[in-house]
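Numbers for residues simply follow the sequence, beginning at 1. Predicted, not measured: the structure shown is a model, and the values here were computed from it.
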Amino acid sequence: MKEVSLAHRLALLSLLLLLVTLFTSITTAQPYYTASGMNATIVMTGTLKVIAKSADSLLQSVRVNLSSFPRQTERQQVRDMVTRPGSVTGKDHLIFEFSDPDQDRLTFSVSADISTDHHFPRISRKVAFPVRNLSEEIKSYTLPTPNVDAADPDIMIRASELATGKDDLYDVAFTVATWVEENIKYSLSTLTADASQKASWVLENRKGVCDELSTLFIAMMRSLGVPARYVSGLAYTDYEVFDEGFSPHGWAEVYFPGFGWVPFDISYQEYGFVDASHIELKHDKDTKAGSTRYHWKGRDIDLQASPLDEQVNVTGFDGPSEKKVALSMAFLREEVDLGSYNVMEVKAKNLGSSYVPLRLTYQRSKGVTLIGPQTQHVLVRPSEAVTAYYLFQVQSLDDQFIYTFTVGAATNTNNSVQGIFRARKGRSFISKKDALAYAEQGRERERSRAKASPEEETVLTCVPETSFVYLNETLRIGCTVKNRGNVLLRNMTLCLDRCTHFTLPIAQEQKSNLTYIPDTPGRKELFVRLGQEGKEMLEQMTVEVYDEPALSIEKVKIPKTVQYKQPYDIDFLLKKGSSSDPKNLTIRLRSDSYDRTWQVDALHGDKQFALNMVAKGLEPGNNTFNLSVGFSDERGRDYGTHREITVRMDKVNLMDSVEIRASRMLRSMGNYLPAMLLVALAFFLVTLFIVLRAGRRR
């Protein structure tokens, strides 16, 4: 190799120190993204084309309900709003009226001077997750809607996986937002650009535009029991696929109890704030809600609406937004060998008392190859510091020179930091394995420091459909398992006679119908078992199991003979033949000349009865009685049993015999007595009529 003089080497070295410090910073951010405020005029114009369907067509009136217009919010002030024609403010919309219009084209417009802030809600303390004790109005923002299908199982499980072990709502929202941005590709395919898709579709296909990324984020937050809503408006973009300027845009807001609605813009990677270019026009529970509705009265008329034309003219910016963190950096080694790996540590110290979400972007340097993503998202809690790690490799360069590299990082909150390290032959060589291990060790320290303890809180409630059941009937028991903790519960089992298996996401509940078929009567203590990874929870309930009520008439005792008009007793035992109690007993003793009943509420055990009788109305010889008992069960179903009893009457004298026959005759006549009385009355009336008529003739 040709020897190079020392002077020559020094000259080359100086030149390289000047030229090889090749630092490529990211493009200076537009003031739209970094300014603390923006002033602008927005003009929204809508056009309706009147289409006459016949020569006799008539248009009497047109009403336009416009729900998309500049809003007065915490971060957006609206001044001097003018509408043409003059509008009336309805509930969350503007109403334009056209009476007897004779034009073939109707135009309405809204013009407003507005000012917006680089909105950074100051969340000064941890908001507990899971979220509880919400008002009914706010809780409505946790429910599924047509596009925000938060009850989709894949959405619930994915969101729960991301939130498991976290007890800080900001951490949960930040983690979910980061996952959506990193895993869902921003795509302007015709399908997603022209029609907003459901959140489940976005998750399955892993692509979408701004409103669809927001829809998935909102659905995942709602599936965790966190209120979230959709915001539509305008925002500035310099994204290469758009003409530079303001375009329709959608983002999300998450409700933080005690602080209100906090913006999360997935497309702009602004998690917990939005820049000053965001102009809010509407918020809603679903992306499917339209912004303009038309009503008209007329004959043979149709209206054709053009999309709203939205123009923004920026009139000025306020100064740059305040710096919220202090950045510092260090290298694993200040000097490394050519071809070596190295690690850059970027530390962000929170300067205030509020959460700061950061997007750290690595600033490239020629001669260095970054290993891993250029952008990292970190959440810096109040008064804390977070360290991010970047791994890169020095390229294989000419080993006769010393190389100086300037690398660094910048944030989306108007901060940047840079540092210098050198590479020359013979210095420390760090392998990729060692560099990766060092960076991962640091990241694990960060995760451990910020990690919350998983809290499992499971609520089991079981209610049988009735408090009792009969043998061999099916008792249905409705059980609800609620996951009120911050852990995705896998491999859950709910068992009675059989087991069901399920996974229970955070803030969700599982409803199951268990069945129990008893085979023995009595009071049963049932235990429903909820198990998960060796742990078990019991729900106890008491159920009465009845058999069909049964009784029999036994041990009937009567005198061998009785005397006319003399008292006697009929004794018998009602023997209970079931575990359950016969209810509403009706005891009836009946013969041709006797019919009497007795009532008993329930038969709790065997019971002896004595019926006090008088031997009157009996016939000489044997007299047959029917002794019956009717009863019912707990459901009112009827049952019964009966038994015949013979009573013998002897020693009837002449006078008693005459009286018995007279009684028998009266009883026999008793069946015809009403008819006989009617005949007698009729005969009397006819006779009276004849007598009276004869008297008049005289």
Side-chain angles (χ1 to χ4, degrees), residues 127-164 166 169-181 183-184 192 195-232 250-257 261-267 271 282-289 459 480-490 492 502-511:
V127 177
F129 174 80
V131 177
R132 298 193 178 100
N133 303 320
L134 297 170
S135 69
E136 290 303 315
E137 179 186 359
I138 296 299
K139 192 181 294 183
S140 67
Y141 287 92
T142 66
L143 303 177
T145 56
N147 273 7
V148 186
D149 49 347
D152 179 80
D154 291 337
I155 288 176
M156 292 191 295
I157 290 176
R158 175 60 67 186
S160 290
E161 288 173 342
L162 295 171
T164 286
K166 298 182 183 297
L169 177 57
Y170 209 132
D171 189 13
V172 171
F174 184 83
T175 301
V176 173
T178 301
W179 186 90
V180 173
E181 190 278 326
N183 291 273
I184 307 300
T192 57
S196 184
Q197 298 292 334
K198 289 185 177 183
S200 55
W201 184 95
V202 180
L203 179 62
E204 180 182 359
N205 291 275
R206 299 297 178 97
K207 62 181 179 180
V209 291
C210 58
D211 58 341
E212 289 157 340
L213 270 65
S214 297
T215 299
L216 177 57
F217 171 74
I218 293 169
M220 294 175 78
M221 294 305 297
R222 287 186 186 176
S223 78
L224 297 170
V226 179
R229 68 186 184 187
Y230 178 73
V231 182
S232 59
W251 61 96
E253 287 183 338
V254 175
Y255 185 77
F256 281 63
W261 294 98
V262 177
F264 281 77
D265 190 334
I266 310 303
S267 303
Y271 307 151
K282 183 184 179 183
H283 62 73
D284 215 313
K285 292 178 180 177
D286 194 272
T287 57
K288 209 170 187 178
V459 178
T480 301
V481 185
K482 297 181 179 180
N483 184 353
R484 294 173 58 96
N486 63 2
V487 177
L488 172 63
L489 301 176
R490 297 184 183 274
M492 303 287 288
F502 56 93
T503 294
L504 190 58
I506 296 171
Q508 299 301 318
E509 61 182 40
Q510 170 77 21
K511 292 184 179 294

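Partners of Lys282 under the salt bridge (charged side-chain N to carboxylate O under 4.0 Å, His left out) rule, at least two apart in sequence or in another chain, are Asp284. In this structure, the side chain to side chain contact (heavy atoms under 4.5 Å, CB included) partners of Pro257, at least two apart in sequence or on a different chain, are Val127, Val131, Leu134, Leu169, Tyr255. For Asn205, the side chain to side chain donor-acceptor pair (under 3.5 Å) test picks out no residue, with sequence neighbours left out. In this structure, the side chain to side chain donor-acceptor pair (under 3.5 Å) partners of Asp265, at least two apart in sequence or on a different chain, are His249, His278. Residues passing the salt bridge (charged side-chain N to carboxylate O under 4.0 Å, His left out) test with Lys139 are Glu136, sequence neighbours excluded. The ring-ring contact (aromatic ring centres under 6.0 Å, His included) search around Phe217 returns Phe264, not counting sequence neighbours. With sequence neighbours left out, Ala199 forms a side chain to side chain contact (heavy atoms under 4.5 Å, CB included) with Asp149, Ile155, Thr215, Leu216, Ala219. With sequence neighbours left out, the side chain to side chain donor-acceptor pair (under 3.5 Å) criterion links Thr175 to Asp171. Take Glu181 and apply the side chain to side chain donor-acceptor pair (under 3.5 Å) test, not counting sequence neighbours, and it matches Gln269. Trp179 pairs by the ring-ring contact (aromatic ring centres under 6.0 Å, His included) definition with nothing, not counting sequence neighbours.
To the nearest 0.5 Å, the span separating OG1 on Thr145 from CG on Asp286 amounts to 3.5 Å. Distance check: Gln510 CD to Thr503 OG1 gives 9.0 Å after rounding to the nearest 0.5 Å. Separation of atoms CG (Leu203) and NZ (Lys198) is listed at 14.0 Å; rounding is to 0.5 Å. Considering CD1 of Ile157 and CG of Leu488, their distance stands at 6.5 Å, rounded to 0.5 Å. Note that the CD atom of Gln508 and the CZ atom of Phe502 stand 12.5 Å from one another [nearest 0.5 Å]. One distance of note links OG of Ser223 with CD1 of Ile218; it measures 12.5 Å at 0.5 Å rounding.
Looking at Val148 and Tyr230, their side chains never come closer than 4.5 Å, going by heavy atoms from C-beta outward. With a 4.5 Å cut-off on side-chain heavy atoms, Val172 and Leu224 count as touching. At a threshold of 4.5 Å between non-hydrogen side-chain atoms, the residues Val254 and Tyr271 do not count as touching. Between Lys207 and Trp201, some side-chain heavy-atom pair lies under the 4.5 Å cut-off.
Closest approach of Arg206 and Asn183 over heavy atoms only: CD-O, 3.6 Å. Scanning both residues, Pro144 and Ala150, for their nearest heavy atoms gives CB-N, 3.9 Å. Between Asp211 and Val209, the shortest heavy-atom distance links the atoms OD1-CG2, 2.9 Å. Ala252 and Ser214 get closest at one heavy-atom pair: N-OG, 4.1 Å. Between Lys285 and Ser140, the closest heavy-atom pair is NZ-OG, 3.0 Å. The minimum heavy-atom distance linking Met221 with Ala228 is given by the pair CB-CB, 4.2 Å.
Applying the salt bridge (charged side-chain N to carboxylate O under 4.0 Å, His left out) definition to pairs two or more places apart or across chains, those involving residues 150-159 are Arg158-Glu161. Listed by first and then second residue, the salt bridge (charged side-chain N to carboxylate O under 4.0 Å, His left out) pairs that reach into residues 217-229 are Arg229-Glu253, sequence neighbours excluded.
With Arg484 contributing its side chain and Arg132 its backbone, the two residues share no donor-acceptor pair below 3.5 Å.
Environment of CD in Glu509: crowded, with over 12 heavy atoms of neighbouring residues, nucleotides or ligands closer than 6.0 Å.
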